[in-house]
Amino acid sequence: MNPRQQELAARIAGRRGAVRGPFRVWLHSPEMCERAESLGAFARFDCDLPGHLRELTLLMAARNWDAQYSWNAHVHQAIEAGIPESAVKAVAEKREAVFDDEADQAFYRFCREVLENHFVSDETFARALRHFGPKGLVDTIGALGNFTMLGMCLNTFQVDLQADREPPFPDIRGYERVVPDGDGPRR
């Protein structure tokens, strides 16, 4: 690594414990790495969203992009932060998740519409706005965008799938979509 890459790697390791996953890729472009790390740190640690919803955002974007590394790195953190295991399983299986808390359900619906439809209905927007306000919704979009970029990076550069982990999604093996009953790749 050149001096700039070494400087960034030290900063990332200081904040996150080590240089792992996408940062090993992003360090090839130090300017991109610095900006991605800054946005990622904001989305994960500093935005106004409650911690459990930050983790839910990460899981939803990871599943939308089939980013197994992200999912595996955060699934237990999401559960520990308060996301029900049943909701985590539903997201993994691309089923509708149900939350007891009205704000959590509104948040989930908002994120799901953004990721799946690329648009949000007026009703969903108004419901989420009541719970999170304009700043919360802007932070949500920033987090979804950051975690989307993360998933794209992890899959494109085939970042470590953590061989010791059970594949989290029934329709993905390695970096390939498969028929859910395991009959082989779907191309």
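Values reported hereafter were calculated over all heavy atoms of this structure, with side chains retained and with hydrogens, waters and symmetry mates removed.
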Checklist entry - So if you build clusters from Ile, Leu, Val, Met, Phe, Trp, Tyr with side-chain heavy-atom gaps below 4.5 Å, do Phe147 and Val114 land together? => result no
Checklist outcome for this item: Rounding to 0.5 Å, atoms CD1 (Ile83) and NE2 (His74) come to a distance of 13.5 Å
Checklist entry - How many angstroms lie between OG1 in Thr140 and CG in Leu56, if you round to the nearest 0.5 Å? => result 10.0 Å
Item to check | Shortest non-hydrogen contact from Leu27 toward Ala9 | outcome: CD1-CB, 4.0 Å
Checklist entry - So do the side chains of Ser70 and Leu154 get within less than 4.5 Å of each other, counting heavy atoms only? => result yes
Next on the checklist: Looking at Arg54, is its backbone amide N or carbonyl O close enough to the side chain of Arg44 to form a donor-acceptor pair, meaning the two atoms are under 3.5 Å apart?
Outcome noted: no
Checklist entry - For the hydrophobic clusters of this structure (ILVMFWY residues joined by side-chain heavy atoms under 4.5 Å, transitively), does one cluster hold both Ile79 and Val91? => result yes
Next on the checklist: Just to verify, which of Trp65, Trp71, Tyr175, Tyr69 counts as forming a ring pair (Phe, Tyr, Trp, His ring centres under 6.0 Å) with Phe169?
Outcome noted: Trp71
Next on the checklist: If you compare all heavy atoms of Thr124 against all heavy atoms of Ser121, which two are closest, and at what distance to 0.1 Å?
Outcome noted: OG1-OG, 2.9 Å
Checklist entry - So do the side chains of Phe110 and Ile141 get within less than 4.5 Å of each other, counting heavy atoms only? => result yes
Checklist entry - Does the distance from a Lys or Arg side-chain N to an Asp or Glu carboxylate O, for Arg63 and Asp171, drop under 4.0 Å? => result yes
Checklist entry - Is a side-chain donor or acceptor of Ser38 paired with a backbone partner of Glu34 at a separation under 3.5 angstrom? => result no
Next on the checklist: Tell me whether the rings of Phe132 and Phe107 are parallel (<30°), tilted (30 to 60°) or perpendicular (>60°).
Outcome noted: perpendicular
Item to check | Inter-residue atom distance Gln77.CD - Leu58.CG, 0.5 Å rounding | outcome: 8.5 Å
Checklist entry - Distance from Leu8 atom CG to Gln5 atom CD, nearest 0.5 Å? => result 8.0 Å
Item to check | Lys/Arg N to Asp/Glu carboxylate O, Arg109 vs Glu96, below 4.0 Å | outcome: yes
Next on the checklist: Ignoring hydrogens, what is the shortest heavy-atom contact between Ala36 and Asn146? Give both atom names and the distance.
Outcome noted: O-OD1, 3.9 Å
Item to check | Heavy atoms of other groups near Asp122 CG, more than 12 under 6.0 Å | outcome: no
Next on the checklist: For the CD atom on Glu31, are there more than 12 heavy atoms of other groups (residues, nucleotides or ligands in this structure) within a distance under 6.0 Å?
Outcome noted: yes
Item to check | Short N-O contact, Glu37 and Arg16, less than 4.0 angstrom | outcome: yes
Checklist entry - When you measure from the side chain of Gln105 to the backbone N and O of Ala97, does any donor-acceptor pair fall under 3.5 Å? => result yes
Item to check | Within 6.0 Å of NZ in Lys89, more than 12 heavy atoms from elsewhere | outcome: no
Next on the checklist: Would a single hydrophobic cluster contain both Val178 and Ile172, if residues Ile, Leu, Val, Met, Phe, Trp and Tyr are joined by side-chain heavy-atom contacts under 4.5 Å?
Outcome noted: no
Next on the checklist: Is it the case that the side chain of Asp104 and the backbone of Phe99 share a donor-acceptor pair, with hydrogens and angles ignored and the cut-off at 3.5 Å?
Outcome noted: no
Checklist entry - Looking only at heavy atoms, what is the nearest atom pair of Thr57 and Ala143, with distance? => result CG2-CB, 3.7 Å
Checklist outcome for this item: Arg24 meets the side chain to side chain contact (heavy atoms under 4.5 Å, CB included) criterion, sequence neighbours left out, with Val19
Next on the checklist: Please tell me whether Met32 and Ile12 are part of a single hydrophobic cluster in this structure, the criterion being side-chain heavy atoms less than 4.5 Å apart.
Outcome noted: yes
Checklist entry - Where is the tightest heavy-atom contact between Cys153 and Val159, given as atom of each residue plus distance? => result O-CG2, 4.5 Å
Checklist entry - So, Glu7 and Arg11, do they make that salt bridge, N to O below 4.0 Å? => result yes
Next on the checklist: Can you give me the closest heavy-atom contact between Pro30 and Arg4, atom names plus distance?
Outcome noted: CB-CG, 3.6 Å
Item to check | CG (Asn117) with more than 12 external heavy atoms under 6.0 Å | outcome: yes
Checklist entry - In the single-linkage hydrophobic clustering (I, L, V, M, F, W, Y; side-chain heavy atoms under 4.5 Å), do Leu39 and Phe23 co-cluster? => result no
Checklist outcome for this item: Interatomic distance, SG@Cys111 vs CG@Leu59, rounded to 0.5 Å, equals 11.0 Å
Checklist outcome for this item: Separation between CG (Asp66) and CD (Glu176), nearest 0.5 Å, reads 12.0 Å
